K.L.:
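After the structure tokens below, expect a handful of questions from me.
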Amino acid sequence: MQTNYLLPHKYKIWGWVLFIIGIIYGLVIAYSGYDYEPIQMKVLSILNEGLMDGNDLQLFKIIETGISSELASIAIIVGGLIVGFSKEKIEDEFIYKLRKDSLVWAIIFNYFVLILTIIFIYNLTFFHVLVYNMFTPLLFFIFRFNFLKLKSRSHEE
């Protein structure tokens, strides 16, 4: 099966490393109440203030801020994409079907969770759930795909 969008299998280990480091670092940041910012840096902010707090809208401004949560988020996303979209050692039509089914399941399940969140969670907690919701499609996909691979191997034995 020819799949042009998949990375070579050798990148999968680097994806797992990035993914796991990002999740651990992200959990440390979350449990610190987002106060853990050891890396301060001047960055370009495309949109700053103004939208929600009534202040003047500021576009394209250099600000100094902590970038720890951004680094953790990028590690989770890039690592998750590499893990999810790297070829398996044996990439056949069965693996292609598992990958496709897992991706569809992850999107449907993610939006089901989002609907429940919209109905039952409010205020700032809702915002926190939306932040975590950025990562859940990748997490659900990786979990489901690897679960189905493991399940299919156990049925073969």
Side-chain angles (χ1 to χ4, degrees), residues 2-88 91 95-96 98-147:
Q2 181 69 13
T3 50
N4 296 332
Y5 59 88
L6 296 178
L7 297 168
H9 177 71
K10 65 183 177 183
Y11 293 117
K12 188 167 277 220
I13 189 73
W14 294 108
W16 277 114
V17 168
L18 265 176
F19 189 63
I20 291 169
I21 288 172
I23 287 176
I24 292 169
Y25 195 45
L27 288 173
V28 167
I29 292 167
Y31 284 117
S32 75
Y34 298 96
D35 293 330
Y36 181 66
E37 288 292 346
I39 306 170
Q40 295 285 327
M41 191 174 175
K42 288 187 177 186
V43 296
L44 173 65
S45 173
I46 295 175
L47 181 63
N48 194 37
E49 305 294 332
L51 227 56
M52 299 295 196
D53 59 6
N55 294 338
D56 291 335
L57 182 66
Q58 299 174 351
L59 300 173
F60 299 100
K61 183 176 180 182
I62 302 291
I63 62 170
E64 183 158 342
T65 188
I67 61 167
S68 298
S69 57
E70 287 81 1
L71 291 175
S73 297
I74 290 169
I76 293 169
I77 293 168
V78 171
L81 286 172
I82 292 171
V83 167
F85 296 101
S86 290
K87 290 180 182 178
E88 297 298 311
E91 188 73 32
I95 294 295
Y96 175 78
L98 288 183
R99 190 182 310 276
K100 180 185 64 84
D101 291 349
S102 298
L103 190 56
V104 170
W105 178 88
I107 296 300
I108 291 170
F109 187 72
N110 182 67
Y111 280 105
F112 176 73
V113 169
L114 186 59
I115 287 170
L116 291 177
T117 301
I118 290 168
I119 294 170
F120 295 114
I121 299 178
Y122 301 95
N123 302 325
L124 192 58
T125 307
F126 179 74
F127 175 74
H128 291 294
V129 172
L130 287 183
V131 168
Y132 295 127
N133 194 255
M134 289 188 304
F135 308 111
T136 51
L138 270 174
L139 290 170
F140 293 154
F141 169 68
I142 290 168
F143 175 77
R144 175 78 173 177
F145 179 60
N146 287 296
F147 174 76

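FYI, the numbering just counts along the sequence from 1. Quick caveat, the model's predicted, so the values are computed rather than measured.
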K.L.:
Quick check: are there more than 12 heavy atoms from other residues, nucleotides or ligands sitting under 6.0 Å from OH of Y31?
P.N.:
no
K.L.:
Among I24, L139, L81, which residue meets the side-chain contact (heavy atoms from CB on, under 4.5 Å) test with F19?
P.N.:
L139
K.L.:
Would you check if V43 and I67 make a side-chain contact, meaning some heavy-atom pair closer than 4.5 Å?
P.N.:
yes
K.L.:
In terms of ring plane angle, is the pair F109 and F140 parallel, tilted or perpendicular, where the classes change at 30° and 60°?
P.N.:
perpendicular
K.L.:
Can you find a pair of side-chain heavy atoms, one from I142 and one from W16, that are under 4.5 Å apart?
P.N.:
yes
K.L.:
Of all the heavy-atom pairs spanning A106 and P137, show the shortest one and how long it is.
P.N.:
CB-O, 3.7 Å
K.L.:
Does the pair I76 and Y25 meet the rule for a side-chain contact (heavy atoms from CB on, under 4.5 Å), with working shown?
P.N.:
CA-CA 9 Å; I76 293 169; Y25 195 45; over 6 Å; no
K.L.:
Between F135 and I77, what is the shortest heavy-atom contact and its length?
P.N.:
CE2-CG1, 3.9 Å
K.L.:
Verify the neighbour count for atom CZ of F126: are there more than 12 heavy atoms of other residues, nucleotides or ligands below 6.0 Å?
P.N.:
yes
K.L.:
If you take all heavy atoms of G79 and L18, which pair is closest and at what distance?
P.N.:
CA-CB, 3.8 Å
K.L.:
Taking side chain as C-beta onward, heavy atoms only, is W105 less than 4.5 Å from S102?
P.N.:
no
K.L.:
Got S69 and E37 here, is their nearest side-chain heavy-atom distance under 4.5 Å?
P.N.:
yes
K.L.:
With a cut-off of 6.0 Å (strictly less than), are more than 12 heavy atoms of other residues, nucleotides or ligands near CD1 of I13?
P.N.:
no
K.L.:
Of all heavy-atom pairs between S45 and I63, which one has the smallest distance, and what is that distance?
P.N.:
CB-CD1, 3.9 Å
K.L.:
May I ask you to check whether over 12 heavy atoms, not counting those of M134, lie within 6.0 Å of atom CE?
P.N.:
yes
K.L.:
Indicate the atoms forming the closest heavy-atom contact of T65 with Q40, along with that distance.
P.N.:
C-OE1, 3.4 Å
K.L.:
Are the side chains of N133 and T117 in contact, using a 4.5 Å heavy-atom criterion?
P.N.:
no
K.L.:
When you compare the side chain of L114 with that of L130, does any pair of heavy atoms fall below 4.5 Å?
P.N.:
yes
K.L.:
So, taking the atom named CG in D101 and the one named CZ in F141, what distance separates them when rounded to the nearest 0.5 Å?
P.N.:
10.5 Å
K.L.:
Enter the distance from E64:CD to M41:CE here, rounded to the nearest 0.5 Å.
P.N.:
10.0 Å
K.L.:
Given side chains that start at C-beta, do those of L44 and I62 come closer than 4.5 Å, heavy atoms only?
P.N.:
yes
K.L.:
If you look at every heavy atom in I39 and S68, which pair is closest and at what distance?
P.N.:
N-OG, 3.9 Å
K.L.:
Could you go through the side-chain contact (heavy atoms from CB on, under 4.5 Å) check for I20 and I23 one step at a time?
P.N.:
CA-CA 5 Å; I20 291 169; I23 287 176; 5.8 Å; no
K.L.:
Would you check if R99 and L103 make a side-chain contact, meaning some heavy-atom pair closer than 4.5 Å?
P.N.:
no
